[in-house]
Structure formats: C-alpha cells, structure tokens
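Owing to the predicted nature of the structure, the values given are computational and were not obtained by experimental measurement. Convention: sequence-line order gives letters A, B, ...; per-chain numbering from 1. What's counted below: heavy atoms across the whole structure, side chains too, no hydrogens, waters or symmetry copies.
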2 protein chains.
Amino acid sequence: MKKSKRKLFHDFIARKGLKSTRQRDIVLDGFLSSDAHMSIEELYLKLRARHPNIGYATVYRTLKLFSESGIAREIHFGDGQTRYEHVAEGEHHDHLLCTRCGEVMEFSNEAIEKLQDEIAESHGYLVHTHKLELYGICPKCRK
Amino acid sequence: MKKSKRKLFHDFIARKGLKSTRQRDIVLDGFLSSDAHMSIEELYLKLRARHPNIGYATVYRTLKLFSESGIAREIHFGDGQTRYEHVAEGEHHDHLLCTRCGEVMEFSNEAIEKLQDEIAESHGYLVHTHKLELYGICPKCRK
DNA sequence: TTTGCTATTGAAAATCACTTTCATCAATGT
DNA sequence: ACATTGATGAAAGTGATTTTCAATAGCAAA
Ligand SMILES: [Mn+2]
Ligand SMILES: [Mn+2]
Ligand SMILES: [Zn+2]
Ligand SMILES: [Zn+2]
C-alpha cells in the first residue's frame, strides 16, 4: 500500500531537517485538493481566499519543495506559466492539450514509451525523462 | 528543386511589402551560418562581434519574421530561453537532449509520429502539432 | 516552560527574458 | 531629389518568477 502524498511530504520535511509549518500545510492541502495543472498564481489566489495572509513567495517556495520531495512535478505548457501536477508513485503520463479551450487531457501509452527508449538507445543516449505533448482540438471544440 | 532559405525570406519580405534592410540580411546570414538551436541572446552576441551597432530588438524582431516566413521555428527547451531552429520544407524532427553537456541531437521516427496520431484520435482530438523531447545522457558523457 | 538557535515568512526589491515605445533613419516609389 | 512610411536601437515597460531582509515561528536543549 502506498503512502499518501501528505505523509510523503512530511517525511521529506523531517528527513531534510526542515520545519513543519502552518503555511506549508495550507499549500499542501490546496495543492492536493485539486487535480488540475495549476500555476503558482492560480494556487496562490485559491489559497488567498481562505488565508488572506499567505504570501506568493511561500506558495512558490513550497511548490518547489513538493517537486523535490517527489509528490509534484513542474510542467511548462508554453503559456509562460510554470505549473505543477501531482506525481503518483511509479506512474507516468503525457498530455493532450486543446489549443481552443485549454483543456488538458492525460494519457499514457506503453508502445510510445518503448519506442522512445529504442530511439534514444539507437543514438547512444540513456534517457531519464521525456516530454510529450500533443496540441490539437478536443472533441467538444471540434463539433 | 527547393528554394534557398535566403530566397524564401526575401520573397516573404517582398510579398508582405516589408523592406529589405542591411540588418535583416546580417541577422539572416548569422542565423543561416549555424545549425545550432540558438537563443535570441546567443545570436545577438554572435552578430555583435562583427556588427557592434545591431540592436537586440532587431535580432528579436527579425527572428520572429523568420518564423512567420517559414524558414525558422521557435522552440522552448525548458531553460527559459526562446530558441530558433531551421525549418526545411516538409520536414519534421524531434529532439534528444543531453542534460550533462547540453548537446542537442535531432531525430525523426515515422512509427512514433503515427502512434501519436492514433493516440490523439482515440481521444477524439485532432492534433496539429506536438512536442517530443527526450532528456538523457549522450554517448560522450556516458563513458 | 523558557531560552536560544535557525529556519520560515511575507512584502518589497531585484532579475530575467522578452516586448513595446519613440525619436531618428533609411528604403522605396514618384 | 523628395516624400512617405517602415525599420532601427536605446531605453522603458511587462510578466513571471526569484531573491533579499527584518520580523516570526518551529524545535530542542536546558
Ligand atoms: Mn498531467
Ligand atoms: Mn532541431
Ligand atoms: Zn477544446
Ligand atoms: Zn552530453
């Protein structure tokens, strides 16, 4: 059974000798309560509603910690904003984005992952990450 | 037989009623004389060596024109810099990047392109572009 | 608990990488 | 040559972070 992200993060905090603070928990709750691909600003505004005193810098710094701890991943969709998404233990997915309405759909495909490794290998590379984004028009926007 | 990028760009300039200037030719020559994936700043500094008066804004604007004219494509590798690369008529490729030395290798694979279309289609999307980048360690850095 | 040492915060200033503005120049058509 | 209008370069403006710094708040030793 896999540990909750909340626990994983608290373990990370402890292991690194960092402090467990009220603000970090607020950011953590806000981040975990949505599975959207939120930008720093979006999460900041969302948290602000309930916690008027939280600072942008704190949200920014805490999201970085989430990445370091492995519960989140930083993503860049090309709109000039850094976004963060949940990372589930041992899971990976890529994105399909609608350039009309902005919808983001996730997918994963074994065959394509395998092909990527083969290509990299054929060029002598040892791949450790990749980024695959398909930009198009979603079903709703098509009809 | 396909037209040279220089001619393609000059045709574009004429077709759009824009002016053919000394600076545009300088930027064009600098861009065409390297097949690296250069950032605006990199090209600007390279040109500066020979043409101390050329402005950053001119390089910036001219590169945009290259994109519009179809001889260049804007790319983002996640290092916060906008880069431009050559575009050959009817050709497409993706990238393999070394996270140790920064080397960028190009590749193209029919099978993977096809799989991407299938995946998109299976989700009801009509894809018009995609981005595939493989990050790893290159042969030289491995041994 | 109280104390003392640091890490953490939030507001504000600083950076970065563009992007736009504007007075001056330089292409181009007449 | 002249007028018209786009192009240029320096500098100012933007937007999204990223860093600084004085004030707080964890945490652990006493
Ligand atoms: Mn995702
Ligand atoms: Mn390339
Ligand atoms: Zn859509
Ligand atoms: Zn390398």
Side-chain angles (χ1 to χ4, degrees), chain A residues 9-31 37-69 72-85, chain B residues 9-31 37-69 72-85:
Chain A
F9 184 63
H10 283 141
D11 286 355
F12 169 83
I13 286 292
R15 186 165 64 258
K16 290 280 188 177
L18 303 176
K19 291 172 180 171
S20 177
T21 68
R22 207 169 61 72
Q23 287 89 335
R24 283 176 178 163
D25 283 339
I26 288 170
V27 180
L28 183 58
D29 287 345
F31 177 67
H37 300 79
M38 262 189 295
S39 66
I40 304 169
E41 174 101 27
E42 284 167 359
L43 181 51
Y44 168 67
L45 292 175
K46 171 180 170 179
L47 298 178
R48 266 271 155 163
R50 230 176 238 310
H51 310 278
N53 298 316
I54 199 148
Y56 179 96
T58 298
V59 177
Y60 160 79
R61 289 183 290 228
T62 305
L63 283 169
K64 290 233 127 144
L65 285 181
F66 290 173
S67 291
E68 280 183 60
S69 76
R73 188 201 332 280
E74 204 176 302
I75 47 184
H76 299 276
F77 285 151
D79 62 348
Q81 305 248 128
T82 298
R83 292 167 184 286
Y84 288 84
E85 67 172 353
Chain B
F9 183 62
H10 282 140
D11 286 355
F12 170 81
I13 286 294
R15 186 165 64 257
K16 290 281 188 175
L18 304 176
K19 289 172 180 170
S20 177
T21 69
R22 209 168 61 70
Q23 287 89 337
R24 283 177 177 163
D25 283 339
I26 289 169
V27 179
L28 183 57
D29 288 345
F31 176 68
H37 299 77
M38 263 188 296
S39 67
I40 304 169
E41 174 102 27
E42 283 166 0
L43 181 51
Y44 168 68
L45 291 176
K46 171 180 170 178
L47 298 178
R48 265 270 154 165
R50 233 175 236 309
H51 309 280
N53 298 315
I54 199 150
Y56 178 96
T58 297
V59 177
Y60 160 79
R61 290 184 288 229
T62 305
L63 283 169
K64 291 233 129 146
L65 285 181
F66 290 172
S67 292
E68 280 185 59
S69 75
R73 186 198 338 276
E74 204 177 303
I75 48 185
H76 298 276
F77 286 150
D79 62 348
Q81 306 248 126
T82 298
R83 291 166 186 287
Y84 288 84
E85 67 173 354

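The residue K16(B) sits apart from the nucleic acid: no heavy atom pair falls under 4.0 Å.
With sequence neighbours excluded, no residue forms a side-chain hydrogen bond (donor to acceptor under 3.5 Å, both in side chains) with S69(B). Residues satisfying the ring-ring contact (aromatic ring centres under 6.0 Å, His included) test with F66(B), not counting sequence neighbours, are F9(B), F31(B). In terms of the side-chain hydrogen bond (donor to acceptor under 3.5 Å, both in side chains) criterion, T58(B) has no residue partners (sequence neighbours excluded). Qualifying side chain to side chain contact (heavy atoms under 4.5 Å, CB included) partners for E68(B), counting only residues two or more places apart in sequence or in other chains: F12(B), L65(B).
Residues from residues 43-52 of chain A that place a heavy atom under 4.0 Å from any atom of DNA chain D: there are none.
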Quick one: which protein N/O atoms are closer than 3.5 Å to N/O atoms of nucleotides 19-22 of chain D? Pair and distance per line, please.
{"from": "dT20(D)", "atom 1": "O4", "to": "R61(A)", "atom 2": "NH1", "distance (Å)": "3.3"}

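Comparing Y84(B) and T62(A) by the nucleotide of DNA chain C whose heavy atom lies nearest to each, the residue mapping closer to the 5' end is T62(A).
The ring-ring contact (aromatic ring centres under 6.0 Å, His included) contacts involving residues 43-65 of chain A comprise Y44(A)-Y56(A), where partners must be two or more places apart or lie in separate chains. Applying the salt bridge (charged side-chain N to carboxylate O under 4.0 Å, His left out) test to every pair with at least one member in residues 40-54 of chain B, sequence neighbours left out, gives these pairs: E42(B)-R83(B).
Heavy-atom contacts of chain B under 4.0 Å fall on DNA chain C between two terminal nucleotides, which in 5' to 3' order are dA17(C) to dT28(C).
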Original post:
Base, backbone or nothing for each nucleotide of nucleotides 24-30 of chain D, written B, S, -, heavy atoms under 4.0 angstrom, 5' to 3'?
Top reply: --BS---
Donor-acceptor contacts, no H, no angles, side chain residues 13-27 of chain A, under 3.5 Å, sequence neighbours left out:
{"from": "T21(A)", "atom 1": "OG1", "to": "R24(A)", "atom 2": "N", "distance (Å)": "3.1"}
{"from": "R24(A)", "atom 1": "NH1", "to": "K19(A)", "atom 2": "O", "distance (Å)": "2.7"}
{"from": "D25(A)", "atom 1": "OD1", "to": "H10(A)", "atom 2": "NE2", "distance (Å)": "2.9"}

